[in-house]
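Inspection log for the structure reproduced underneath, given as structure tokens.
Just so it is clear, the model here is predicted, and its values are computed rather than measured. Letters go in sequence order (proteins before strands), and every chain restarts at 1.
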Amino acid sequence: MTDDTPRHRYDARLANEIEARWQDRWDANHTFWAPNPEGLLSEGAEQIEGREPMFVLDMFPYPSGAGLHVGHPLGYIGTDVFARYQRMNGKNVLHAMGYDAFGLPAEQYAVQTGQHPRVTTEANIATMRRQLRALGLGHDSRRGPATTDVSYYRWTQWIFLQIFNSWYDYDEDRSRPIAELLPLLAADPETGWDELTEPERRELVDSCRLAYLTEAPVNWCPALGTVLANEEVTADGRSERGNFPVYRRPLKQWMLRITAYADRLLEDLNLLDWTESIKIMQRNWIGRSTGATVDFGVDGREELISVFTTRPDTLFGATYMVLAPEHPLVDGLVPPEWPGADIGENLSVIPAAWKGIFGTDVGPAEAVRKYREFAAQKSELERQAEGKDKTGVFTGAFAVNPVNDARIPIFIADYVLMGYGTGAIMAVPGHDERDFEFAREFDLPIECVITPPDSWLTEHECGTDAAEWSEAFTGDGVAMSSANAEISLDGLGVTDAKATITDWLTDQDLGEATVNTKLRDWLFSRQRYWGEPFPIVYDELDLPVAVPDHLLPVTLPEIMDFEPEISEAGDASVPAPPLSRAEGWGTVELDLGAGPKTYRRELNTMPQWAGSCWYYLRYLDPTNEDQFVSPEAERYWMGDGPGGVDLYVGGVEHAVLHLLYARFWHKVLFDLGHVSTPEPFQRLFNQGMIQAPAYTDDRGIYVEASSVVERDGQFYAGDERVHQEFGKIGKSLKNMVTPDDIFRDYGADTLRLYEMSTGPLDASRPWSERDIVGVYRFLQRLWRNVVDEDTGELRISESPASDESRRLLHRTIQGVRVDMPTMGFNTVVAKLITLNNHLTQVAAAGGAPREVVEPMVLMLAPLAPHVAEELWSRLGHAETLTYEDFPVADPAWLVDETIEVPIQVNGKVRGKVVVGADADDAAIEAAARTEVGPLLDGVTVRKVIVVPGRLINFVVG
RNA sequence: GCCCGGGUGGUGGAAUGGCAGACACGGUGGACUCAAAAUCCACUGCUCGCAAGAGCGUGGGGGUUCAAAUCCCCCCCCGGGCACCA
């Protein structure tokens with residue numbers, strides 16, 4: 001900056017001055033306080049008379065140590081523009097920002113820096129608050145709790161207790177208070193209630209709760225010292241956070257019964273205004289499939305083995321059965337010796353391969369034991385690496401197919417998972433790829449019971465003898481070879497055959513129609529320090545007891561040694577949670593109705609997702625000490641549609657984690673009457689990611705991006721040539737760009753405008769600092785059109801605008817009003833620049849007319865609020881423009897007097913003609929013929945197509 | 001392997017059946033200036049051409065239509081999700 005820069009030029013210095021001033025003024029005047037209609041936070045409620053409530057929400061951030069980078073605010077700016085636009089359209093807009101401050105990210109940062117998580121968390125929140133304030137986001141500052149606030153997590157604990165004290169009534173398809181279950185259990189003859197001891201009764205009740213303790217194989221991450229939910233483990237068996245290996249091991253843990261809600265979580269997606277891709281991801285995660293369970297007998301024994309299949313129509317083609325290695329019935333099945341012959345038409349001796357891969361001289365019990373050991377020791381990663389190679393071992397036992405009494409061998413194999421269905425399958429190798437591969441590996445018979453279409457048979461050069469097939473036929477076809485004395489499927493299509501056989505199985509009491517989901521219950525405990533303590537204690541029977549509401553919160557004890565207990569990969573010892581080290585905290589004397597007794601506290605903590613499951617509800621009534629949210633505030637803001645939040649913006653990475661968990665909690669709260677809508681988020685919008693250039697040297701090591709210079713299209717760090725790529729902004733790629741740098745060089749309004757202008761909000765885009773000057777110049781030109789750079793005086797014209805200016809203005813208003821609600825902010829910016837470019841011409845010729853300047857400033861306000869406020873103020877308005885009416889287009893100025901019509905010949909543009917806007921088809925054709933006359937000479941015009949107002953096309957032959 | 005999303009100038013992108021490339025960056029030329037910066041003006045998809053103009057052009061190939069970036073079929077490439085879920 002040199003001395004001769006005009007004093008009143010809109011540069012970074014002036015922008016910063018304006019921005020700080022308006023941010024202070026907004027704070028002082030409570031400009032963005034959104035009043036509740038009554039109760040707490042209802043100050044100013046008289047002003048919202050006649051204004052509709054609108055709730056605009058961002059996925060709240062983790063307060064990370066590094067502060068914000070320029071990628072973070074993309075969505076926050078988007079919601080702010082939307083919210084400000086809605087305020088100018090008369091809505092009472094609630095927009096606020098809290099902090100998701102418990103959990104692994106905050107804790108890992110604390111562990112790394114050796115500071116207490118509360119210290120680092122509070123410092124990080126302070127940094128982020130400062131950065132967000134500097135962006136000029138119009139948040140209601142009273143409504144931004146951190147999940148770590150005791151006054152907040154008190155209610156997280158309260159909601160957990162609501163879940164704990166509920167059960168799912170499958171008849172009514174909703175959750176109900178556990179108190180309503182007791183009389184039902186007592187009256188149910190099957191429970192044998194009268195004979196049960198008190199502890200037995202409690203265990204029965206506990207097993208029905210939505211939050212329950214169970215010992216099950218869980219995802220154990222030794223490097224993080226904690227268990228993880230299925231959703232937190234990546235496909236290759238690693239922790240989503242930190243990318244550490246995860247192992248399966250049995251541990252007693254808290255689970256939440258999200259599976260009870262599977263159907264409603266699936267069904268209610270249809271009510272929501274979400275992108276189809278997110279809905280599909282949730283549907284896939286829930287993984288609902290319909291089919292049947294079928295009970296198979298075991299040869300020579302009493303017990304039945306249930307299998308789940310989605311293809312009951314292929315039941316006649318089952319040639320063997322497979323149980324998961326962990327299946328509880330396996331031990332009872334295994335005979336002392338391998339069976340003799342009689343194991344199938346073609347087999348008189350058991351093939352060696354059936355006895356497993358550990359030698360043929362062992363008995364079945366030993367072969368099974370070795371295989372189970374082999375399967376259990378495989379990590380998730382190894383299972384992935386082995387892909388589809390099928391392994392397994394024969395148990396020595398045979399099942400009996402209920403439809404044809406076929407005696408089929410029972411295997412165990414790790415391609416059957418204990419956690420899905422019944423943990424057992426009937427194998428139909430003719431019509432299932434996996435079963436086909438296994439059958440080929442173990443020389444098991446393959447039969448065709450669904451006739452493939454001729455095209456398939458031709459393509460595979462085979463007939464209906466499945467023994468000669470090269471792969472299973474899994475498509476639709478007509479059933480064959482599927483009949484017994486009572487029932488025949490032959491000739492039926494797949495759908496009919498499924499229905500027929502399912503009905504028959506049901507009648508015979510051999511099976512029933514069944515629905516299965518991939519979704520598992522939510523593993524809800526963590527062996528970590530930085531989370532909400534469970535409001536649970538254990539009594540002398542070691543059974544869980546809820547801490548009563550009036551004793552909440554159960555505060556997290558301040559301890560110095562908060563690090564998780566990291567263990568070796570193979571270590572099977574039960575990890576001691578950090579809270580076990582809190583002196584004097586683990587046991588507590590309470591009077592829970594039976595007199596003072598000593599109780600042992602639950603030492604695990606809740607996962608990070610707990611706090612983020614309901615924060616949007618706390619925004620509505622953040623200071624309420626008696627309720628998590630008052631019913632009045634909840635009804636006012638969440639409304640009575642299917643979902644409450646009018647617009648929810650966040651990253652796609654939460655598609656199945658946060659969004660599924662939050663929907664689940666919301667539905668529980670809905671069932672219990674605490675919220676009024678079945679869904680939390682009506683409209684969901686996923687913003688894209690900003691990627692910044694990163695540079696690697698020849699060894700592939702990242703070099704600090706800020707040190708790289710470009711010369712002749714090549715990139716250099718010092719003298720060394722480096723390679724450019726684009727990736728996620730952050731420390732790991734050494735390409736950090738902070739908003740503070742951009743504020744300093746251009747101002748917050750320029751950053752806002754830049755991020756909104758570079759593409760559609762849902763698209764990822766590269767960060768390109770070079771391009772920022774485009775929108776910076778736009779603001780400078782607009783400023784110059786209104787304010788004299790040398791004197792600071794207004795230089796606008798008070799004369800009426802020209803017709804041309806008016807037409808452009810109203811077309812712009814019209815276009816902006818179309819783009820704003822759909823978050824098309826990039827085209828809004830383009831339209832405003834176009835209008836301003838016009839104003840620049842007009843200004844040079846005698847001043848930009850106030851008539852155009854004022855609406856221009858109002859339209860800019862949602863995007864660049866500080867400079868808009870400043871200009872609005874200089875134009876003579878005393879009040880903030882936050883609640884000014886957004887300009888409305890006058891239809892009279894949307895029609896032109898004349899229009900230019902392109903003339904096509906055979907679809908190619910050959911000329912243009914200007915006609916009156918009201919010209920009819922004949923007039924346009926006449927004018928067009930005159931214009932392109934020579935081109936039509938000597939050819940036959942076969943057809944003339946006139947699209948009114950758009951174009952004319954001559955079809956010649 | 002299955003399921004989504006995407007592929008348009010040197011760059012970010014606009015146009016969702018009707019003038020491809022709005023707007024911006026970058027580039028070229030000019031004005032202003034002692035000079036530079038800033039600002040303002042003009043040009044800027046590719047090829048041929050002095051020009052007028054012509055041809056080509058939205059990943060590739062085919063189709064529907066008076067007219068296709070846009071709709072349909074096949075293929076290629078990039079990004080994301082799921083992955084032995086019976």
Non-neighbouring partners of A:Trp783 that pass ring pair (Phe, Tyr, Trp, His ring centres under 6.0 Å), sequence neighbours left out: A:Tyr10
All ring pair (Phe, Tyr, Trp, His ring centres under 6.0 Å) counterparts of A:Phe726, not counting sequence neighbours: none
Check this one for me: any side-chain N or O of A:Arg777 less than 4.0 Å away from OP1 or OP2 of B:C25? yes
Classify A:Arg910 by what it touches in the nucleic acid, base, sugar-phosphate, or nothing, heavy-atom distance under 4.0 Å. sugar-phosphate
Can you list every side-chain hydrogen bond (donor to acceptor under 3.5 Å, both in side chains) pair that touches residues 822-832 of chain A, not counting sequence neighbours? A:Asp819-A:Thr827, A:Asp819-A:Lys831
For A:Ser289, report the nucleic acid contact type (base, sugar-phosphate, nothing); a contact means any heavy atom under 4.0 Å. sugar-phosphate
If you take any heavy atom closer than 4.0 Å to RNA chain B, which residues from residues 825-837 of chain A end up in contact? A:Asn826, A:Thr827, A:Ala830, A:Ile833, A:Thr834, A:Asn837
Scan A:Glu789 against the nucleic acid and name what it touches under 4.0 Å (heavy atoms): base, sugar-phosphate only, or nothing. nothing
For A:Trp274, which residues count as a ring pair (Phe, Tyr, Trp, His ring centres under 6.0 Å) partner, sequence neighbours excluded? none
Polar atom pairs between nucleotides 65-69 of chain B and protein, under 3.5 Å, N or O only, would you list them?
unit_1, atom_1, unit_2, atom_2, d
B:C66, O2', A:Asn953, ND2, 3.3
B:C66, O2, A:Asn953, ND2, 2.7

What's A:Arg784 touching, base or sugar-phosphate or nothing? Going by heavy atoms closer than 4.0 Å. sugar-phosphate
Across the strands shown, which category fits A:Thr758 at heavy-atom distances under 4.0 angstrom: base, sugar-phosphate, nothing? sugar-phosphate
Cation-pi check for A:Tyr415 against A:Lys390: NZ or CZ below 6.0 Å from the six-membered ring centre and within 45 degrees of the axis, yes or no? yes
Over all strands shown, is A:Thr275 touching base, sugar-phosphate only, or nothing at heavy-atom distances under 4.0 angstrom? nothing
